[in-house]
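Quick note: numbers below take in every heavy atom, side chains included, and nothing from hydrogens, waters or symmetry partners.
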Amino acid sequence: MALDGCGLLCKYTLFIFNLIFALVGFVFLGLGLWLRFSGSTRAIFEFEALNSSAFVIAVTILITTGSVMLIVVVFGDYGACNEKRCALKIFSVLVSFLAGAVVVFGVIAYSRKEEIGLRMGEFYSSIYLLYVANSDPVLAVTLTFIQKLLHCCGATGIPSLDFAKETCPKPDTIWEHIKMDACPGAIINVFNRNAPLVMGVFVGTGALLVVALVCSIVLLAQTKREQQEITARYTTVY
């Protein structure tokens, strides 16, 4: 169907949006599935006492979020590329729920920043203990990424004594060869200190979802108008 300039812009915007959404969704789902079924972490899920731990909750959120994102991408790409109204309607409904959920979660994260910071610190500690016990290379990469991002070193903050010192970042000063920030405390402090920024990220993500929703509505309106014009022409001819 023929789309005007606004319709084409929305079509390509949705394509780019869904491409980014798909990449993030695959990362979330892949990491969640690996943490769920890897030999070094599978045992955690087999103990009922640990089913409410921060690690299990975080892995469940990763798998659920990644799956939902990929489902949204399927309907979004199919609807935008083929201009299918049914797929666009489903995409619009899903994006509406996601936008609302993201904003609500951002507000909750801000209002309960101390509790969530503790949970994030607990999640890091779970990864750390699993690596110390199993020396899994993927866990090593995960720890290295987190510790470089926060410039912290393991559970102790003492590079020479830490059980995972090989994953610690290079010290920036002479003092850091002796003592760096311990990562659980650094995670809690960073989360509490940057809670407004975290909320801003959630709200910004919600705004992007709203843009995708608006583009989807524009495409729905234009495809509906085109269908009505085609129906009118056939009615006139026959």
Side-chain angles (χ1 to χ4, degrees), residues 1-36 58-111 116 141-142 145 149 194-238:
M1 297 180 185
L3 298 174
D4 60 19
C6 183
L8 287 174
L9 176 62
C10 284
K11 182 175 182 176
Y12 292 122
T13 299
L14 280 180
F15 177 77
I16 296 172
F17 169 84
N18 283 307
L19 178 62
I20 297 173
F21 223 53
L23 291 174
V24 177
F26 274 120
V27 170
F28 282 4
L29 182 60
L31 178 60
L33 290 175
W34 179 85
L35 291 173
R36 174 62 180 85
V59 171
T60 303
I61 290 174
L62 282 173
I63 294 174
T64 303
T65 303
S67 301
V68 171
M69 291 175 74
L70 292 178
I71 291 172
V72 171
V73 166
V74 169
F75 285 106
D77 265 344
Y78 179 72
C81 293
N82 298 284
E83 299 173 22
K84 298 296 185 181
R85 289 179 52 77
C86 182
L88 285 172
K89 287 179 180 179
I90 296 175
F91 174 78
S92 299
V93 172
L94 291 175
V95 168
S96 298
F97 281 118
L98 276 180
V102 165
V103 173
V104 169
F105 189 79
V107 173
I108 293 174
Y110 180 77
S111 62
I116 294 178
V141 172
T142 305
F145 173 77
L149 182 65
N194 296 318
L197 177 61
V198 172
M199 181 178 177
V201 170
F202 280 109
V203 173
T205 303
L208 289 176
L209 290 168
V210 171
V211 171
L213 176 61
V214 170
C215 285
S216 178
I217 292 172
V218 169
L219 282 180
L220 279 169
Q222 293 208 4
T223 53
K224 181 179 180 180
R225 183 188 63 194
E226 187 70 19
Q227 286 181 350
Q228 289 174 341
E229 290 176 356
I230 292 173
T231 302
R233 282 200 296 269
Y234 274 102
T235 303
T236 304
V237 172
Y238 297 102

Might you point out which heavy atoms bring [X] and [Y] nearest each other, and give the distance in Å?
X	Y	value
S67	L29	OG-CD1, 3.5 Å
K11	L219	CA-CD1, 4.0 Å
G206	A99	O-CB, 4.1 Å
A22	V73	N-CG2, 3.6 Å
G66	F28	CA-CB, 3.9 Å
F75	A87	O-CB, 3.7 Å

In Å and rounded to the nearest 0.5 Å, what is the [atom1] to [atom2] distance from [X] to [Y]?
X	Y	atom1	atom2	result
N18	L23	CG	CG	11.0 Å
S96	L213	OG	CG	4.0 Å
L62	R36	CG	CZ	13.5 Å
I20	M69	CD1	CE	10.0 Å

Note to self: The criterion is side-chain contact (heavy atoms from CB on, under 4.5 Å); which residues satisfy it with F15, sequence neighbours excluded?
What the structure shows: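 Testing F15 for side-chain contact (heavy atoms from CB on, under 4.5 Å), a comparison that skips the adjacent residues, returns D77, C81.
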Margin query: So, applying side chain to side chain contact (heavy atoms under 4.5 Å, CB included) with F21, which one of L70, L208, V72, V95 is it?
Written below: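 Testing F21 for a side chain to side chain contact (heavy atoms under 4.5 Å, CB included) against L70, L208, V72, V95 leaves exactly one candidate, V72.
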Item checked: Working for side chain to side chain contact (heavy atoms under 4.5 Å, CB included), residues F91 and L14 -> CA-CA 11 Å; F91 174 78; L14 280 180; 3.7 Å; yes
Margin query: Checking the side chain of S111 only, and the main-chain atoms of I108 only, is there a donor and an acceptor separated by less than 3.5 Å?
Written below: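 Confirmed, S111 side chain pairs with I108 backbone.
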Note to self: Using the rule given for side chain to side chain contact (heavy atoms under 4.5 Å, CB included), can you reason through V103 versus F202, listing the C-alpha separation, both sets of side-chain angles and the distance that settles it, and then say yes or no?
What the structure shows: CA-CA 6 Å; V103 173; F202 280 109; over 6 Å; no
